[in-house]
Amino acid sequence: MSEKRKPYPFDQFEPKWQSHWAAQQTYRTAGPGDTDFDASKPKYFILDMFPYPSGAGLHVGHPEGYTATDIVGRYKRMNGFNVLHPMGWDAFGLPAEQYAIKTGQHPRITTEANINNFRAQLQRLGFAYDWDREVNTTDPGYVRWTQWIFLQLYNSYYCESDQKAKPISELEEKGLSREEIDAQRLAFINEAPVNWSPDLGTVLANEEVEEWKAKGHTVERRPLRQWMLRITKYAQRLIDELEPLDWPESIKALQRNWIGRSEGAEVKFDVQGNEITVFTTRPDTLFGATYMVLAPEHPLVAEITSSEQKAAVDSYIDACASKSDLERGDLNKDKSGVFTGAMAINPVNGEEIPVWIADYVMMGYGTGAIMAVPGHDERDFEFAQKFDLPILQVVQPKGDADWQGYTNPGTAVNSGFLDGLSTAKAKAEMIDWLEKHEKGSRQINYKLRDWLFSRQRYWGEPFPLLWDKETGAHAPVPDCELPLLQPEMEDFKPTGDPRGPLVKATDWIDYSEQYTRETNTMPQWAGSCWYYMRYCDPQNADRFISKEAEQYWGGEDAFVDLYVGGTEHAVLHLLYARFWHKVLHDLGHLDSKEPFKKLINQGLILGTAEYFLYKDSSGNIIQFTERKSGEEYFPVKIETAQVEQRGKDYYQKGTDLRLEELNRKMSKGFGNVVNPDDVVDSYGADSLRLYEMFMGPLEQVKPWQMKGVEGVHRFLAKVWRLAFTENQESQWELSGKISQEENQELAKITHQTIKKVQEAIESLRFNTAISSMMECTNAYTAAQNIPQDLFLIFLKLLNPFAPHLTEEINSALGESELLSEQSWPVLDESLLVESEIQIVVQVNGKLRAKLQVAADISKEDLEKVALADSNVTTHTDGKTVRKVIVIPGKLVNIVAN
RNA sequence: GCGCGGGUGGCGGAAUUGGUAGACGCGCCAGACUAAGGAUCUGGUGUCCAUUGCGGACGUGGGGGUUCGACUCCCCCCUCGCGCACCA
């Protein structure tokens, strides 16, 4: 089988230019400290979310964002910016370790192999990364600073009055005890119910639970001593300082929602001599509280439960404990609960109300206890109905809505001193009353929990901490001992011991006579929390980033100018990185408050999956089966029936079967994964890059269509053939179409294209940039000759998108300077001015004529010409012209009836 | 249920202060070049009517409104996707 002839020889010149750029260090970025650094140049820092180098290699989703940033980077570079556009590896993490356990290889080996594969794949796509600045989170030189930053958190506390982190030494100077100080550290140890996965042998952050469950691992609640980071102290700042950022509204909303601020009050109830505090957002409804509910795990449950109810309460608590979160949430919308036998006093009216426990109240939020106002809360209403508890009206709805279960604002009724007040005023009035009588206070709550930071795994940064064998106190390892690496171990499988596999390295743990080592490791997030900064100064052994590099690249308000990545990191990575950045800012290590100024989420690329749909006579789907790769279109039982094709769908005549294509997330299971290497083999890197940008808006979800790749491939071949033609021996030679003649028409089109392309790149609308270059190419194709100066301009416009092809043509035309190092063409506005323009004439808003008129025609003349046009008069004859609207340069609308 | 984002030809999508709806590409149809065309080039392609002339009617999920004029602004509804979900 002979190889299919290529429409242009990308297979030859793409690798050639890649090695040329690498040899010439074309994309090396000079920074502070480099001899060739030019500090007068403005900086532009573009960041891709660095990949986790999995064994599966690159998929087509990776180059989507990377191509977008590459285009912006090349464009900015051509516009005189000193562009930092680096790449690196988020290389710690559970998947690498799971794979290592499965194959018996050390994770360092497999990780390194995966990185080499990823790097080679990326280099085939011609990205202008400065590979000298490559960062790897597992490098000892990197781990050293991850651990150093952790110790910054460990050695600081949150000062409430200044609303910022400060060194822990300030508390020492105040004479606080060790326990008091430890209780305030931003990194602290805490015994709390955590998500323990027995088969992974580690705990997980709340945010990670679903991901690992989805992969088939079990996760259960279990109280354990863990390292936590006090991110909750930053809740308000994480909300407030989000506001000015140039981020998609959806991501901001996701973060706000995750932090989950709610304003309300804490109210103290007396329960048989115990004080139980509840949190409510509706203190105005306190008169309507007819019972109280505690979470089953609430510490006072045992204390207040009456002897008659003890058996029922105990068995209910047992039942709750054995339920997974899933059962407690999704599957159990039906309310359950038990009366404790205790009564509470409503502080506002002295009424006695029963105290229940129920699993719809959660220990983790607020105080783990609520006052129930069934009249005006859906959940309380449902519960009260089920258990026949009293329901009181204390809010009069607006309009004629039923008051039962009415939860919106209204007017207070049956509420003593609140009667007649609006909900908003009643809330404020009640809080004042509570504060005056010391029965409660204004309170703001957040859903955000502190960040569970320790893992019981081998493949992560060890905590640089020691435990005093005598006192049980913890202390940091000396700075000179960083990085603290994992010990070399043959067997790093999880043991089920909640201290993690490092406990088996007995020599390593035994630090000294006095100290033993902490055996936990950090989660994968640790490395990705600060990697963007390390790119600025990747080799620095004295600091995580030099002051000079930080000030040049980092800016004043936010560090990275443009950050592009997937939406899956909306609340985890992006929140954690902001938190660390703020701590480092507070401690004086960074000028900027925020890591990422502008954020763009590239949309998911979907693959095509095929399904058999069986429908009954009324069109309902009765069976829905995935078509496996290689499977025949029709199942055996109807094989002989007549089949009809309409478009892409196959219909079974007289039956109810059809084969449909659906767009689904790419996955091995669907067999619809597109491998970028295959695309590069068949069409070249430029075609892959161009197609990914031409598919549609960057942020949108869009389906992959191989036909579309062929379309842009044809476009690039067309550009190639503007300069080259094939001779008798099937060799490409210069066509001679590129000439020295002048051409006004092409000059105009070329400059229009400059304008469109630069505007499109600035606003990240790459698909329209490409379409305007296609239009320009169509004009060139139609022309006899193309002036060389115009064609060279066009190559510069296309260069950020298709760097190999444009570089090859440029050099073939005798240009010695690399396109990558040239400056962006200057738009000549004077060429865009038209002497004649087209005017649209409407009659009653409907298009009736198009007129060619002089661009400087007066309003009066334009109106006259428009009214005289024969296509217009046929629609105005017999009617009276009531009004004529003239928009100079655009249109005339005649109102007639 | 709450939050966010969408709904435009057969398909992906254009239309950035309200002013020619459907750019560009895919697909499809016809023609040219050819021994041949899955290469390339040219023309056509929203729907319906007329097509022996021009042309005409309808059309951006549905309904209403504002306006000389609405894919675009306002109100109501339908629908799809994503995220959160007993958070008091």
Side-chain angles (χ1 to χ4, degrees), chain A residues 4-5 7 248-254 256-258 260-262 264 278-282 285 293 328-330 332-335 358-362 364-373 377-380 382-383 407 445-448 567-568 570-571 603-604 646-649 661 663 691 694-697 699-712 714-715 717-718 721 726 759 763 765 767-775 777-778 781-782 838-850 870-871 874 882-887 889-896:
Chain A
K4 209 174 124 185
R5 202 181 61 83
E249 186 47 44
S250 59
I251 301 295
K252 287 189 183 181
L254 241 39
R256 269 187 234 111
N257 196 276
W258 190 263
R261 181 185 202 270
S262 48
V278 304
F279 174 72
T280 178
T281 55
R282 293 295 299 273
T285 61
V293 187
R328 201 166 153 172
D330 284 356
N332 189 28
K333 290 287 178 191
D334 206 27
K335 294 281 178 294
D359 67 359
Y360 82 92
V361 174
M362 289 166 300
Y365 181 75
T367 60
I370 63 156
M371 63 180 216
V373 184
D377 180 279
E378 275 180 45
R379 298 147 300 179
D380 298 345
E382 198 188 314
F383 192 81
T407 57
N445 261 353
Y446 301 92
K447 280 194 251 182
L448 186 70
T567 185
E568 68 273 18
V571 284
L604 205 62
R646 285 181 229 152
K648 280 178 188 164
D649 298 344
E661 282 190 341
N663 293 319
Y691 175 62
F694 188 61
M695 293 171 84
E699 300 190 66
Q700 194 168 301
V701 178
K702 36 203 179 288
W704 182 275
Q705 294 175 332
M706 229 17 130
K707 284 281 184 194
V709 185
E710 289 172 23
V712 293
R714 273 203 285 270
F715 161 64
K718 210 164 163 174
R721 288 195 312 271
E726 216 171 1
E759 281 173 1
S763 50
R765 286 156 37 238
N767 53 333
T768 57
I770 295 166
S771 75
S772 64
M773 288 187 282
M774 285 173 167
E775 287 180 274
T777 302
N778 290 342
T781 304
Q838 191 186 60
I839 296 289
V840 168
V841 186
Q842 299 177 330
V843 178
N844 294 329
K846 289 206 166 95
L847 174 69
R848 297 301 177 192
K850 294 175 184 179
S870 65
N871 284 326
T874 49
R882 302 287 173 190
K883 197 173 174 184
V884 180
I885 292 120
V886 181
I887 311 292
K890 287 228 162 127
L891 62 63
V892 178
N893 190 11
I894 299 158
V895 186

So, does [X] use its side chain to make a donor-acceptor pair with the main chain of [Y] at under 3.5 Å?
| X | Y | result |
| --- | --- | --- |
| A/Asn893 | A/Gly845 | yes |
| A/Tyr691 | A/Gln705 | yes |
| A/Asn445 | A/Ser262 | no |
| A/Arg848 | A/Thr874 | no |

Can you check the distance between [N] and [M], where both ends of the measurement are the [atom1] atom (answer in whole Å)?
| N | M | atom1 | answer |
| --- | --- | --- | --- |
| B/U66 | B/C29 | C1' | 44 Å |
| B/U8 | B/C80 | C1' | 15 Å |
| B/A70 | B/A21 | C1' | 11 Å |
| B/C86 | B/G81 | C1' | 25 Å |
| B/C4 | B/C75 | P | 14 Å |
| B/G43 | B/G25 | P | 12 Å |
| B/A23 | B/G12 | C1' | 13 Å |
| B/C26 | B/G18 | P | 34 Å |

Rounded to whole Å, how long is the line connecting atom [atom1] of [X] with atom [atom2] of [N]?
| X | N | atom1 | atom2 | value |
| --- | --- | --- | --- | --- |
| A/Trp704 | B/G13 | CH2 | P | 14 Å |
| A/Glu568 | B/G83 | CD | C1' | 13 Å |
| A/Glu249 | B/G6 | CD | P | 11 Å |
| A/Asn257 | B/G5 | CG | C1' | 15 Å |
| A/Glu382 | B/C86 | CD | C1' | 9 Å |
| A/Leu604 | B/G83 | CG | C1' | 14 Å |
| A/Arg882 | B/G69 | CZ | P | 15 Å |
| A/Glu378 | B/G1 | CD | C1' | 7 Å |

Check every strand shown and say whether [X] touches a base, only sugar-phosphate, or nothing at a heavy-atom separation below 4.0 Å.
| X | result |
| --- | --- |
| A/Arg848 | sugar-phosphate |
| A/Pro7 | nothing |
| A/Arg721 | sugar-phosphate |
| A/Thr567 | nothing |

Is A/Lys335 close enough and on-axis enough to A/Phe383, meaning under 6.0 Å and within 45°, for cation-pi?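 The answer is no; the distance or angle limit is not met.
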
Just label B/G10 as syn or anti from its O4'-C1'-N9-C4 or O4'-C1'-N1-C2 angle, using within 90° of 0 for syn. anti

Counting side-chain heavy atoms from C-beta on, which of B/G83, B/C86, B/G13 comes nearest to A/Gln700? B/G13

Should the side chain of A/Lys252 and the base of B/C4 be counted as holding a donor-acceptor pair, with the cut-off at 3.5 Å?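 Side chain to base: no pair below 3.5 Å.
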
Value rounded to 0.5 Å, distance of CG in A/Asp380 from OG1 in A/Thr407: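 So the CG of A/Asp380 and the OG1 of A/Thr407 are separated by 11.0 Å.
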
To the nearest 0.5 Å, what is the distance between CD1 on A/Ile370 and CE on A/Met362? 10.0 Å

Of A/Pro703 and A/Ser250, the one whose closest RNA chain B nucleotide lies more 5': A/Ser250

Does a side-chain N or O from A/Tyr365 land closer than 4.0 Å to OP1 or OP2 of B/A88, or not? yes

Verify the contact: side-chain N or O of A/Lys846 to OP1 or OP2 of B/C58, cut-off strictly under 4.0 Å; return yes or no.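 Yes, because at least one side-chain N or O of A/Lys846 sits under 4.0 Å from OP1 or OP2 of B/C58.
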
Determine whether the side chains of A/Lys850 and A/Asn871 contain a donor N or O and an acceptor N or O closer than 3.5 Å. no

Passes side-chain contact (heavy atoms from CB on, under 4.5 Å), A/Asn844 versus A/Val895? Steps please. CA-CA 5 Å; A/Asn844 294 329; A/Val895 186; 3.9 Å; yes

Should we say atom CD of A/Gln838 is surrounded by more than 12 heavy atoms from elsewhere, each under 6.0 Å from it?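 Yes, because the 6.0 Å sphere around CD of A/Gln838 holds more than 12 heavy atoms from other groups.
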
Applying salt bridge (charged side-chain N to carboxylate O under 4.0 Å, His left out), can you list everything that pairs with A/Lys702, at least two apart in sequence or on another chain? A/Glu64

Classify every nucleotide of nucleotides 19-30 of chain B by which part a protein heavy atom approaches to under 4.0 Å, writing B for the base, S for the sugar-phosphate alone and - for neither, in 5'-to-3' order. BB--BBSSS---

Once Watson-Crick and G-U wobble pairs under 3.5 Å are found, how is RNA chain B written in dot-bracket notation, 5' to 3', with | for any base paired to another strand? (((((((..(((......[....)))((((((.......))))))((((.....))))..(((((..]....))))))))))))....

